[in-house]
Number of protein chains: 2
Amino acid sequence: MKIGELARRSGLSAHTIRYYERIGLLPYADRDRSSQRNYDASMLIWIEFLGRLKTAGMPIRDMLRYAALRERGAGTEAERCEILVQHRERIRAHVADLQACLLVLDTKIAGYGDQKQRTKEL
Amino acid sequence: MKIGELARRSGLSAHTIRYYERIGLLPYADRDRSSQRNYDASMLIWIEFLGRLKTAGMPIRDMLRYAALRERGAGTEAERCEILVQHRERIRAHVADLQACLLVLDTKIAGYGDQKQRTKEL
DNA sequence: CCTTGACTTCGAGTGCGCTCGAACTCGTAG
DNA sequence: CTACGAGTTCGAGCGCACTCGAAGTCAAGG
């Protein structure tokens with residue numbers, strides 16, 4: 001698979017894929033005789049996982065640590081796991097924050113609703 | 001209250017408070033004879049609410065729309081309410097995304113746990 | 001042979017949300 | 001009187017995560 005197809009299938013732009021390779025988030029891809037990157041389907045899995053981490057708010061520098069350990073392969077599992085566990089805690093905290101915000105918004109919106117109600121009643 | 005105290009009590013830096021005023025997120029503050037800003041406690045409430053919106057991931061441009069309507073006062077309630085309702089939906093969607101990420105992470109972490117288990121057993 | 005279009009590298013530019021520093025003015029305490 | 005600390009304005013700089021454009025290469029189709 002060339003970069004264009006990977007882009008289409010992953011939802012990233014080709015520019016972004018090259019950028020991710022440049023910074024080390026994606027492994028350096030094999031090139032064909034005319035220097036074009038050639039990917040196999042497993043890259044989609046990795047990109048999808050990166051997308052999860054991104055959605056989860058993980059900064060790129062942490063993804064880089066994870067990606068680097070992944071490149072090193074066996075023997076790095078404990079450290080990789082540690083990164084994920086730490087990030088899971090951050091997400092949980094963030095979800096709790098968001099839920100607190102939802103409460104505040106519900107209250108505020110209910111307040112506006114009351115006003116509307118009173119206006120109607122006039 | 002001068003800017004330093006507001007900074008201490010709100011958790012923002014004085015630099016950030018001035019920046020927020022500059023862009024219109026905080027109302028233009030009254031100045032004393034020597035051009036120093038003078039705040040009353042109600043500003044803390046507003047800043048705290050802005051903090052909620054920020055935690056909730058609202059971009060500054062949307063906070064600005066809300067702040068502008070608030071400045072205009074009465075008659076803007078419906079529009080303000082609309083902004084909050086829309087943002088509440090975005091937060092809900094985001095929470096759902098995060099929960100999906102948590103599931104993926106739990107699975108991944110459990111996988112690493114298994115490996116650790118197997119290693120122990122060797 | 002020639003065009004087309006997808007690829008290559010490289011470096012510069014963008015948008016967001018601050019963050020900082022320089023140079024200045026005040027009001028109060030010693 | 002003077003030194004200090006807290007304030008002022010202004011504009012520049014920063015970190016993040018892309019995003020884009022220029023200039024070039026290459027393989028396949030008409």
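Just so we're on the same page: letters track the sequence lines, and every chain starts at 1.
Residue A:Tyr19 has its side chain nearest to D:dA17 when only C:dT19, D:dT8, D:dA17 are considered. Between C:dC7, D:dT19, C:dT9, one nucleotide has an atom nearer to the side chain of A:Thr16 than all others, and that is D:dT19. For A:Gln36, the listed nucleotide lying nearest its side chain is C:dC7; candidates were C:dG17, C:dC7, D:dT8.
B:Arg37 has a side-chain polar atom (N or O) that falls below the 4.0 Å cut-off from OP1 or OP2 of D:dT8. Contact between the side-chain N/O atoms of A:Arg61 and the OP1/OP2 oxygens of D:dC16 is found at a separation under 4.0 Å. Checking the phosphate oxygens (OP1, OP2) of D:dA17, no side-chain nitrogen or oxygen of A:Arg22 falls inside 4.0 Å. For D:dC18, the OP1/OP2 oxygens have a side-chain nitrogen or oxygen of A:Lys54 closer than 4.0 Å. Side-chain N/O atoms of B:Tyr20 include none lying less than 4.0 angstrom from OP1 or OP2 on C:dG17.
Atom CE in A:Met63 sits roughly 12 Å away from atom C1' in D:dC18 (whole-Å rounding). Rounded to whole Å, atom P of C:dG27 lies 17 Å from atom CD1 of B:Ile3. B:Leu12 places its CG atom 12 Å from the C1' atom of C:dG17, with the value rounded to the nearest Å. For the pair B:Tyr39 OH and D:dT8 C1', the interatomic distance rounds to 12 Å; values are reported in whole Å. Residue A:Asp32 contributes atom CG, which lies 8 Å from atom P of C:dT8 at whole-angstrom precision. When rounded to the nearest whole Å, the span between NE2 of A:His15 and P of D:dC20 equals 7 Å. To the nearest angstrom, C1' of D:dT9 lies 11 Å from CD of B:Glu21. Following rounding to the nearest Å, B:Arg8 (CZ) and D:dG5 (C1') show an atom-to-atom distance of 12 Å.
At least one donor-acceptor pair under 3.5 Å links the side chain of B:Glu77 to the backbone N or O of B:Gly75. Between the B:Ser13 side chain and the B:Thr16 main chain, a donor and an acceptor come within less than 3.5 Å of each other.
When all heavy atoms are compared, the tightest approach of A:Arg80 to A:Tyr66 is CB-CE1, 3.6 Å.
Nucleic acid contact class of B:Arg18 (heavy atoms, under 4.0 Å, all strands): base.
In summary, A:Arg8 and A:Glu5 do not engage in a salt bridge, as defined by a charged side-chain N under 4.0 Å from a carboxylate O.
Ranked by how close their nearest DNA chain C nucleotide is to the 5' end, B:Ile60 and B:Arg33 are led by B:Ile60. Of the two residues contacting DNA chain D, namely A:Leu25 and A:Ser34, the nearest-nucleotide position lying further toward the 5' end is that of A:Leu25.
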Assess the residue pair A:Ser35 and A:Arg31 against the criterion (side-chain hydrogen bond (donor to acceptor under 3.5 Å, both in side chains)); give the C-alpha distance rounded to whole Å, side-chain angles, the decisive distance to 0.1 Å, and a yes or no. CA-CA 5 Å; A:Ser35 300; A:Arg31 310 297 208 262; over 6 Å; no
